Amino acid sequence: MQFPQALETVLETLERMRDEGTQRPHASRSAFNSLQQFSATRTIEKPQPHAQTATVNEPKGADKVEQLAAVQKRVSGCTKCPHLASSRTQTVFGVGNADADLMFVGEAPGADEDAQGEPFVGRAGQLLTRIIKAMGFPREEVYIANILKCRPDTPGSAYGNRPPTPKEMQTCRPYLMEQIDIIQPKVIVALGAVAVEGLLGTRAPMRELRGRWNSFNGTPLMITYHPAYLLRNQSPSEKRKVWEDMMHVLERLEKPISEKQRNYFL
Ligand code: SF4
(Lines give C-alpha, C1' and ligand atoms only; values in the text may rest on other atoms or scores of the structure.)
Protein backbone atom coordinates (compact mmCIF):
# COMPACT_ATOMS: atom_id res chain seq x y z
CA MET A 1 0.00 0.00 0.00
CA GLN A 2 1.36 3.44 -0.96
CA PHE A 3 1.90 5.97 1.81
CA PRO A 4 -0.94 8.33 0.76
CA GLN A 5 -3.40 5.40 0.64
CA ALA A 6 -2.25 4.28 4.08
CA LEU A 7 -2.75 7.77 5.42
CA GLU A 8 -6.25 7.94 3.91
CA THR A 9 -7.06 4.64 5.62
CA VAL A 10 -5.87 5.99 8.97
CA LEU A 11 -7.95 9.14 8.47
CA GLU A 12 -11.09 7.21 7.59
CA THR A 13 -10.66 4.87 10.55
CA LEU A 14 -10.13 7.73 13.00
CA GLU A 15 -13.13 9.57 11.60
CA ARG A 16 -15.35 6.51 11.84
CA MET A 17 -14.30 5.97 15.46
CA ARG A 18 -15.06 9.59 16.23
CA ASP A 19 -18.48 9.39 14.56
CA GLU A 20 -19.27 6.20 16.48
CA GLY A 21 -18.42 7.94 19.72
CA THR A 22 -15.31 5.93 20.49
CA GLN A 23 -13.50 7.72 23.30
CA ARG A 24 -9.93 6.62 22.54
CA PRO A 25 -7.78 7.35 20.69
CA HIS A 26 -8.65 11.03 20.58
CA ALA A 27 -8.20 12.84 17.26
CA SER A 28 -8.76 16.59 17.33
CA ARG A 29 -10.01 18.60 14.39
CA SER A 30 -6.62 20.29 14.05
CA ALA A 31 -4.94 16.89 13.94
CA PHE A 32 -7.29 15.86 11.15
CA ASN A 33 -6.54 19.03 9.24
CA SER A 34 -2.78 18.60 9.65
CA LEU A 35 -2.95 15.03 8.40
CA GLN A 36 -5.14 16.06 5.48
CA GLN A 37 -2.77 18.85 4.52
CA PHE A 38 0.18 16.48 4.73
CA SER A 39 -1.72 13.93 2.69
CA ALA A 40 -2.53 16.57 0.09
CA THR A 41 1.14 17.48 -0.28
CA ARG A 42 2.09 13.84 -0.73
CA THR A 43 -0.47 13.05 -3.42
CA ILE A 44 -0.35 14.40 -6.92
CA GLU A 45 -4.02 13.92 -7.69
CA LYS A 46 -5.87 16.90 -9.07
CA PRO A 47 -9.08 18.15 -7.41
CA GLN A 48 -12.25 16.28 -8.38
CA PRO A 49 -14.67 17.72 -10.93
CA HIS A 50 -16.89 20.32 -9.29
CA ALA A 51 -14.06 21.17 -6.92
CA GLN A 52 -14.11 24.50 -5.17
CA THR A 53 -14.35 27.30 -7.67
CA ALA A 54 -12.63 29.91 -5.56
CA THR A 55 -9.37 31.33 -6.80
CA VAL A 56 -8.16 33.15 -3.74
CA ASN A 57 -4.64 34.49 -3.98
CA GLU A 58 -3.97 34.85 -0.27
CA PRO A 59 -2.19 31.86 1.26
CA LYS A 60 -4.94 31.51 3.86
CA GLY A 61 -7.57 31.15 1.14
CA ALA A 62 -5.37 28.78 -0.86
CA ASP A 63 -4.95 26.60 2.23
CA LYS A 64 -8.70 26.51 2.63
CA VAL A 65 -9.18 25.42 -0.98
CA GLU A 66 -6.73 22.56 -0.40
CA GLN A 67 -8.36 21.55 2.87
CA LEU A 68 -11.82 21.56 1.32
CA ALA A 69 -10.56 19.54 -1.64
CA ALA A 70 -9.24 16.91 0.79
CA VAL A 71 -12.62 16.66 2.52
CA GLN A 72 -14.38 16.59 -0.85
CA LYS A 73 -12.22 13.68 -1.91
CA ARG A 74 -13.29 11.67 1.13
CA VAL A 75 -16.93 12.60 0.59
CA SER A 76 -16.84 11.51 -3.06
CA GLY A 77 -16.04 7.96 -1.96
CA CYS A 78 -18.21 7.90 1.14
CA THR A 79 -20.47 4.87 1.63
CA LYS A 80 -21.58 5.48 5.21
CA CYS A 81 -25.20 5.44 4.02
CA PRO A 82 -25.08 2.41 1.69
CA HIS A 83 -28.59 3.02 0.31
CA LEU A 84 -27.65 6.58 -0.72
CA ALA A 85 -24.19 5.66 -1.99
CA SER A 86 -25.75 3.09 -4.33
CA SER A 87 -28.57 5.34 -5.56
CA ARG A 88 -26.70 8.63 -6.07
CA THR A 89 -25.29 9.75 -9.39
CA GLN A 90 -22.54 11.57 -7.51
CA THR A 91 -21.97 13.34 -4.23
CA VAL A 92 -22.81 17.05 -4.02
CA PHE A 93 -20.18 18.59 -1.80
CA GLY A 94 -20.56 22.36 -1.93
CA VAL A 95 -19.61 25.27 -4.11
CA GLY A 96 -18.27 28.76 -3.81
CA ASN A 97 -15.55 30.78 -2.15
CA ALA A 98 -13.51 28.74 0.32
CA ASP A 99 -12.87 31.98 2.22
CA ALA A 100 -16.47 33.22 2.15
CA ASP A 101 -17.89 35.53 4.80
CA LEU A 102 -21.37 34.21 4.10
CA MET A 103 -22.42 30.57 3.92
CA PHE A 104 -25.82 29.16 3.00
CA VAL A 105 -26.82 25.70 4.24
CA GLY A 106 -29.74 23.77 2.80
CA GLU A 107 -31.01 20.27 3.42
CA ALA A 108 -29.97 17.86 0.65
CA PRO A 109 -29.41 17.58 -3.09
CA GLY A 110 -32.45 17.05 -5.29
CA ALA A 111 -32.60 15.40 -8.70
CA ASP A 112 -31.06 18.40 -10.51
CA GLU A 113 -28.22 18.69 -8.02
CA ASP A 114 -27.57 14.93 -8.12
CA ALA A 115 -27.31 15.16 -11.90
CA GLN A 116 -25.03 18.22 -11.95
CA GLY A 117 -22.98 17.67 -8.78
CA GLU A 118 -23.61 21.19 -7.51
CA PRO A 119 -25.99 22.35 -4.77
CA PHE A 120 -28.94 24.64 -5.51
CA VAL A 121 -29.00 24.48 -9.31
CA GLY A 122 -32.70 23.64 -9.82
CA ARG A 123 -35.57 26.14 -9.67
CA ALA A 124 -35.07 26.73 -5.95
CA GLY A 125 -31.37 27.22 -6.59
CA GLN A 126 -32.05 29.79 -9.26
CA LEU A 127 -34.18 31.71 -6.79
CA LEU A 128 -31.41 31.48 -4.19
CA THR A 129 -28.96 32.84 -6.76
CA ARG A 130 -31.31 35.79 -7.36
CA ILE A 131 -31.49 36.44 -3.63
CA ILE A 132 -27.69 36.34 -3.34
CA LYS A 133 -27.30 38.75 -6.26
CA ALA A 134 -29.92 41.10 -4.81
CA MET A 135 -27.79 41.14 -1.65
CA GLY A 136 -24.92 42.44 -3.78
CA PHE A 137 -22.83 39.26 -4.06
CA PRO A 138 -21.92 37.18 -7.09
CA ARG A 139 -22.94 33.57 -6.34
CA GLU A 140 -19.23 32.62 -6.47
CA GLU A 141 -18.43 34.91 -3.54
CA VAL A 142 -20.51 33.01 -0.98
CA TYR A 143 -20.36 29.32 -0.10
CA ILE A 144 -23.33 27.01 -0.56
CA ALA A 145 -23.65 23.53 0.92
CA ASN A 146 -26.21 21.08 2.25
CA ILE A 147 -26.48 19.02 5.41
CA LEU A 148 -26.53 15.86 3.27
CA LYS A 149 -24.06 15.29 0.46
CA CYS A 150 -26.10 12.59 -1.33
CA ARG A 151 -29.56 12.85 -2.79
CA PRO A 152 -32.09 11.09 -0.51
CA ASP A 153 -33.22 8.09 -2.50
CA THR A 154 -36.74 7.69 -3.80
CA PRO A 155 -37.03 3.95 -4.44
CA GLY A 156 -39.12 3.11 -7.45
CA SER A 157 -39.12 6.65 -8.78
CA ALA A 158 -36.51 8.67 -10.57
CA TYR A 159 -38.51 11.82 -9.87
CA GLY A 160 -39.41 13.71 -6.76
CA ASN A 161 -37.37 14.44 -3.68
CA ARG A 162 -37.72 13.53 -0.03
CA PRO A 163 -36.28 15.17 3.06
CA PRO A 164 -33.33 13.43 4.70
CA THR A 165 -33.99 11.33 7.78
CA PRO A 166 -32.51 12.32 11.15
CA LYS A 167 -30.16 9.33 10.95
CA GLU A 168 -28.92 10.33 7.48
CA MET A 169 -28.33 13.89 8.69
CA GLN A 170 -26.48 12.71 11.78
CA THR A 171 -24.28 10.46 9.64
CA CYS A 172 -23.36 13.16 7.12
CA ARG A 173 -23.22 16.15 9.47
CA PRO A 174 -19.48 15.77 10.31
CA TYR A 175 -18.61 16.68 6.71
CA LEU A 176 -20.55 19.93 6.99
CA MET A 177 -18.85 20.61 10.32
CA GLU A 178 -15.50 20.25 8.58
CA GLN A 179 -16.58 22.62 5.81
CA ILE A 180 -17.65 25.24 8.36
CA ASP A 181 -14.46 24.72 10.39
CA ILE A 182 -12.34 25.36 7.30
CA ILE A 183 -14.31 28.24 5.76
CA GLN A 184 -15.01 30.00 9.07
CA PRO A 185 -17.79 32.19 7.66
CA LYS A 186 -18.84 35.30 9.54
CA VAL A 187 -22.52 34.45 9.07
CA ILE A 188 -24.38 31.22 8.28
CA VAL A 189 -27.88 31.22 6.82
CA ALA A 190 -29.94 28.07 7.44
CA LEU A 191 -32.47 27.55 4.67
CA GLY A 192 -35.57 25.82 5.98
CA ALA A 193 -36.57 23.64 8.90
CA VAL A 194 -34.54 20.60 7.88
CA ALA A 195 -31.33 22.63 7.74
CA VAL A 196 -32.16 24.05 11.17
CA GLU A 197 -32.69 20.56 12.55
CA GLY A 198 -29.42 19.39 11.00
CA LEU A 199 -27.42 22.33 12.31
CA LEU A 200 -29.02 23.09 15.67
CA GLY A 201 -30.99 19.93 16.45
CA THR A 202 -34.07 22.13 16.85
CA ARG A 203 -37.49 21.16 15.51
CA ALA A 204 -40.15 23.83 15.36
CA PRO A 205 -42.44 25.46 12.82
CA MET A 206 -40.57 27.84 10.54
CA ARG A 207 -42.91 30.69 11.44
CA GLU A 208 -41.43 30.48 14.94
CA LEU A 209 -37.82 29.97 13.84
CA ARG A 210 -37.23 32.35 10.97
CA GLY A 211 -35.93 35.89 11.24
CA ARG A 212 -34.04 35.22 14.48
CA TRP A 213 -30.35 35.13 15.19
CA ASN A 214 -28.95 31.92 16.62
CA SER A 215 -25.40 30.82 17.24
CA PHE A 216 -23.71 27.85 15.63
CA ASN A 217 -20.55 27.14 17.61
CA GLY A 218 -20.11 30.90 18.02
CA THR A 219 -20.94 31.83 14.41
CA PRO A 220 -24.08 33.96 13.99
CA LEU A 221 -26.76 31.91 12.26
CA MET A 222 -29.84 33.39 10.62
CA ILE A 223 -32.82 31.16 9.87
CA THR A 224 -35.00 31.82 6.88
CA TYR A 225 -37.36 29.97 4.56
CA HIS A 226 -36.02 27.53 1.99
CA PRO A 227 -36.37 29.01 -1.52
CA ALA A 228 -38.50 25.98 -2.48
CA TYR A 229 -41.08 27.21 0.03
CA LEU A 230 -41.22 30.55 -1.78
CA LEU A 231 -41.79 28.73 -5.06
CA ARG A 232 -44.76 26.95 -3.50
CA ASN A 233 -46.03 30.03 -1.71
CA GLN A 234 -45.83 33.06 -3.98
CA SER A 235 -47.34 35.42 -1.41
CA PRO A 236 -45.47 38.77 -1.47
CA SER A 237 -45.54 38.90 2.34
CA GLU A 238 -43.63 35.59 2.63
CA LYS A 239 -41.09 36.71 0.04
CA ARG A 240 -40.64 39.98 1.85
CA LYS A 241 -39.93 38.10 5.10
CA VAL A 242 -37.01 36.31 3.47
CA TRP A 243 -35.68 39.57 2.11
CA GLU A 244 -35.91 41.18 5.55
CA ASP A 245 -33.94 38.24 6.95
CA MET A 246 -31.29 38.86 4.30
CA MET A 247 -31.10 42.53 5.23
CA HIS A 248 -30.38 41.47 8.81
CA VAL A 249 -27.56 39.36 7.39
CA LEU A 250 -26.18 42.31 5.41
CA GLU A 251 -26.25 44.46 8.52
CA ARG A 252 -24.42 41.76 10.47
CA LEU A 253 -21.79 41.63 7.73
CA GLU A 254 -21.57 45.44 7.93
CA LYS A 255 -22.48 45.75 4.24
CA PRO A 256 -24.13 49.00 3.13
CA ILE A 257 -27.80 48.60 2.16
CA SER A 258 -29.06 50.89 -0.61
CA GLU A 259 -32.52 52.43 -0.65
CA LYS A 260 -33.31 50.26 -3.64
CA GLN A 261 -32.37 47.17 -1.64
CA ARG A 262 -34.48 48.27 1.33
CA ASN A 263 -37.55 48.52 -0.90
CA TYR A 264 -36.81 45.31 -2.75
CA PHE A 265 -39.28 42.45 -3.06
CA LEU A 266 -38.15 39.04 -4.24
S1 SF4 B 1 -25.15 11.14 2.74
FE2 SF4 B 1 -23.15 11.77 3.53
S3 SF4 B 1 -22.58 10.19 5.02
FE4 SF4 B 1 -24.23 9.34 3.73
S5 SF4 B 1 -23.15 8.26 2.06
FE6 SF4 B 1 -23.59 10.34 1.34
S7 SF4 B 1 -21.71 11.50 1.83
FE8 SF4 B 1 -21.66 9.61 3.04
Side-chain angles (χ1 to χ4, degrees), residues 5 7-22 27 29 32-33 35-36 39-40 45 47-52 67-96 98 103-122 124-125 143-155 157-158 160-183 188 190-201 216 226 228:
Q5 290 171 277
L7 195 52
E8 281 296 320
T9 303
V10 170
L11 277 167
E12 284 170 11
T13 304
L14 286 171
E15 190 177 51
R16 188 173 64 250
M17 293 172 79
R18 185 197 62 200
D19 293 345
E20 289 170 352
T22 306
R29 174 59 47 213
F32 271 119
N33 288 341
L35 279 167
Q36 284 156 9
S39 173
E45 293 180 35
Q48 301 287 309
H50 307 296
Q52 306 312 306
Q67 288 176 32
L68 283 174
V71 182
Q72 182 175 13
K73 188 177 163 199
R74 280 187 283 122
V75 167
S76 68
C78 179
T79 56
K80 287 183 196 171
C81 315
H83 59 299
L84 301 186
S86 62
S87 64
R88 72 189 177 209
T89 303
Q90 59 194 313
T91 53
V92 181
F93 182 65
V95 71
M103 181 167 178
F104 290 87
V105 177
E107 56 183 63
D112 292 322
E113 290 75 18
D114 175 70
Q116 295 187 41
E118 182 172 326
F120 283 93
V121 291
Y143 195 88
I144 306 171
N146 283 310
I147 304 282
L148 222 65
K149 310 305 185 202
C150 296
R151 180 190 178 205
D153 58 348
T154 50
S157 170
N161 297 315
R162 69 160 173 86
T165 66
K167 185 176 178 208
E168 288 166 346
M169 288 198 285
Q170 191 186 1
T171 306
C172 204
R173 191 174 183 272
Y175 293 132
L176 178 66
M177 298 289 292
E178 289 190 71
Q179 288 173 295
I180 295 172
D181 276 356
I182 292 166
I183 296 165
I188 298 171
L191 299 164
V194 176
V196 174
E197 185 181 345
L199 282 164
L200 302 177
F216 180 78
H226 193 286

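None of the values given here were measured: they were computed from a predicted structure. Just follow the structure's listing: the first ligand is 1, and inside any ligand the first atom is 1.
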All heavy atoms of P152 vs all of L84, minimum pair found to be CA-CD2, 3.8 Å
Minimum heavy-atom separation for E113 and F120, please, with both atom names. CG-N, 3.3 Å
What pairs with R173 under side-chain hydrogen bond (donor to acceptor under 3.5 Å, both in side chains), at least two apart in sequence or on another chain? none
SB check R162 D153 (cutoff 4.0 Å): yes
Minimal non-hydrogen separation, E107 against P163, with atom names: OE2-CA, 3.9 Å
Listed protein N/O/S atoms, distance to atom 2 (Fe) of ligand 1 under 2.8 Å: C172 SG
Could you report the tightest heavy-atom contact between I182 and V71, atom names first, then the distance? CD1-CG2, 3.9 Å
